[in-house]
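One structure below.
In this text the structure is predicted, and so the values were computed from the model without any measurement.
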Amino acid sequence: MMKVLRKFLLIFVFLLCIVTPFFATASYAITFQALTNEPNIRITEWEMIWEENPSGISNHSEFLEKKGAWMPFTYGDPLPTKPANITSAWLRFKLPEFYFSRPALMISSLTAKDVMIFIDNELVYKSDRNYPYNRNEILLSLSSYESNKMVYVFLHTDADWLGLKKQILVGENQTLSKDFLKHDMLDVVLGAALLFVSLAMFLIIIFLRKPYLAGWSSLCVVILSIGLMILSYSPYLHTIYGEYGFYIYYLFDLASSLLMPAIYFFFEKIFGRGPFGLILLFRRLQVIILFITVILLLASFISVEIKTMYTMVTIVSFGGSIIIGNLLLVGLLINYCFQGNKEAIVLTTGFGIFSAVGVSEVIWYFIKGMSYDLFFWKWGILSFIAALVVILARRILENYEQVVKYSKQLEVFNNDLQRSEKMEIISQLAASVAHEVRNPLQVTRGFLQLLREKTTNDKEQSFMVLAIDELDRASEIITDFLTFAKPQLEQTTLLNISEELQQIEGILVPLATMQGGVINVELANDLFVRGNSSKFKQALINIIKNSIEALDKEGVILIRAYMDNSNNVVICIKDNGEGMNEADLARLGEPYYSKKSKGTGLGLMVTFRIIEVMQGKLEFFSKKGLGTEAIIHIPSAEK
């Protein structure tokens, strides 16, 4: 009971660890939505011009005015196509007139690696990254005299896209700060929640048995990788912890490189090597790519050429792994689903939800001219993770049930082995002692009968009768011993169960009547078994006599015989006597165990042995105060 309770508590704590962070995420979002109702001034129009000479940057606005035609943009327009060999651009807009007590400026979804902001010819913001991350969320404090001023933003990147996607906000610093935190905080909370779940799962490993470690560990790595990818891709960390941006950026690469090997390792543990060993081969390929990626990453810090090679390898390997890996997974899952694999159905459902959300967002992304920020895929991937967790939990439960089943079978085998060992001991004892003891007993009994016939003293005669009865009882015990010494049923014939039980009923009805009980018999016709009639009667009489002796007033013994679905003859002997507890029930058939004052326990041992030799099976079911039922299964024989 304590073991079950402890496992239940572990499962409860694990589920609590999983569920709590996501409730926290939802409540966090609701809280921010409630706190961001202050009115803000929205700037929905700006201008942009390409910079041909980024090394000659000027911070003088009059210089910028002479740089040719500025391209007008409005919120909702797609990003412009960057000309060849151009890596920089200028963006400008005019601040509105404002009267906030603590004014601030928030620029969201600004695509560039390096950013500089000038207000009134003064540099007020600079972000110069030494890694190729192109997402920016900027919050700047303003002063009241900067109202109606022009803002110039310098942008630089080696990527294909450069510009601003979202409208610009001017408002109270406190209100915009809350908006600023809210904008990407959900990504942070979701990523942190997945990290928390993966770490909690890693801790649970110490409670798991060895067969579960590989699958559980790979699932932990999958969740950890996804959490790190979501967390490290969020602009929030790059903005707040810019000094660690280099490590955060490359953490995404490592996490993305770990993802596919972990997923395929998990698949291998659940579904095996796959058709033609495809799962194993692709998993090994992913491990090789992982090692190559890590080596190139370390070498890229030394050489610019290797850094370029690393960028190309990571783009090709990650994109190829996702596309080819997902196609392979889909094909394998469809194959397993057609085979009726329930785990494949669960995983296909989770993966299908994630794919539907992801594909829908990608389509919408292109419809919006690639100015839409992908968001819901992060939540859709939770369905995929949930499917993985369900499969692993289901596999653990199945293994646990299998272990319990094997434990019960082992216990039964141990009990049978102990019983067999006891029977063997008694058989050897009977073979060596029975004949040597029986002859002296018979001689002694004969002399006692002679002495009884010659004596005329009533007291001496009663002593002689008592002595002869005890010798007869000892002879019966020796006969029981001989049953074990020679368990084979000699002279076996075809026995009609109905006839055998009717004869036994005639013998035992008077004994049941003296005990205050009745015997009811319900017999099916044409039930035949092969055995020795006297031994078979001896076995049934032993059982029925025990039932009679357990009866109280108005006791009833029901004897039924019928054929079951396995072509076995079933004989049920059920009484409503005093019954037995589990401890007594477990010891039935043991030598020298009996609840009778003069019992030896050998009667039931003989019964078990006779049924066993007939290739049958004897079971007892009992509850204290309710009665006992003995059920005999014996293979049927044809007439």
Side-chain angles (χ1 to χ4, degrees), residues 10-36 108-109 131 133 135-139 177-206 216-260 262-263 266 318 350 353-354 357-358 361 373-390 392:
L10 286 174
I11 294 173
F12 176 77
V13 171
F14 171 60
L15 292 177
L16 189 63
C17 291
I18 292 179
V19 172
T20 301
F22 300 112
F23 280 115
T25 304
S27 63
Y28 190 88
I30 293 171
T31 301
F32 269 116
Q33 288 173 354
L35 293 175
T36 56
S108 300
S109 298
Y131 57 96
Y133 183 75
R135 299 181 66 190
N136 297 270
E137 305 291 332
I138 301 172
L139 179 66
S177 296
K178 294 170 183 176
D179 283 336
F180 180 74
L181 291 173
K182 170 195 170 184
H183 189 263
D184 292 297
M185 182 54 71
L186 290 180
D187 288 352
V188 175
V189 174
L190 176 59
L194 292 176
L195 288 182
F196 180 79
V197 170
S198 63
L199 293 176
M201 292 175 64
F202 273 120
L203 291 176
I204 292 176
I205 285 178
I206 61 178
W216 188 268
S217 300
S218 60
L219 180 58
C220 292
V221 175
V222 170
I223 297 175
L224 177 67
S225 302
I226 294 173
L228 288 175
M229 289 172 64
I230 294 174
L231 198 60
S232 58
Y233 192 67
S234 171
Y236 180 84
L237 293 184
H238 293 273
T239 302
I240 302 301
Y241 303 103
E243 63 273 22
Y244 304 108
F246 178 85
Y247 305 102
I248 295 172
Y249 176 80
Y250 287 105
L251 185 63
F252 178 89
D253 287 1
L254 290 176
S256 61
S257 299
L258 275 173
L259 179 60
M260 292 307 293
I263 288 177
F266 181 85
F318 181 70
I353 294 173
F354 167 59
V357 173
E361 276 214 302
D373 286 332
L374 301 176
F375 174 76
F376 289 102
W377 72 272
K378 304 165 190 175
W379 298 95
I381 204 168
L382 294 181
S383 64
F384 180 57
I385 295 176
L388 297 180
V389 173
V390 168
L392 187 59

About how many Å separate [atom2] of [Y] and [atom1] of [X], when rounded to the nearest 0.5 Å?
X: Ile223; Y: Leu259; atom1: CD1; atom2: CG; value: 11.5 Å
X: Tyr131; Y: His238; atom1: OH; atom2: NE2; value: 5.0 Å
X: Ser108; Y: Leu139; atom1: OG; atom2: CG; value: 9.0 Å
X: Leu258; Y: Ile226; atom1: CG; atom2: CD1; value: 11.5 Å

>> Leu237: which residues meet the side chain to side chain contact (heavy atoms under 4.5 Å, CB included) condition with it, sequence neighbours left out?
In response: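 Partners of Leu237 under the side chain to side chain contact (heavy atoms under 4.5 Å, CB included) test: Leu231, Tyr241, Ile248.
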
> Taking only residues two or more places apart in sequence or in another chain, which ones pass side chain to side chain contact (heavy atoms under 4.5 Å, CB included) with Leu254?
Replying inline: Val294, Leu297

> For Met229 and Ala255, which heavy atoms make the closest approach, and how far apart are they?
Replying inline: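 Scanning both residues completely, I find the closest heavy atoms to be CG-CB, 3.7 Å.
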
>> Phe202 vs Val197, test: side-chain contact (heavy atoms from CB on, under 4.5 Å). Steps then yes/no.
In response: CA-CA 9 Å; Phe202 273 120; Val197 170; over 6 Å; no

> Does any non-hydrogen side-chain atom of Ile230 lie less than 4.5 Å from one of Leu194?
Replying inline: yes

> Any side-chain heavy atom of Ser232 within less than 4.5 Å of one from Tyr250?
Replying inline: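 Not in contact.
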
> Is it true that a side-chain atom of Arg135 and a backbone atom of Tyr233 form a donor plus acceptor pair closer than 3.5 Å?
Replying inline: yes

> Are any side-chain N or O atoms of Glu137 and backbone N or O atoms of Tyr236, one a donor and one an acceptor, separated by less than 3.5 Å?
Replying inline: no

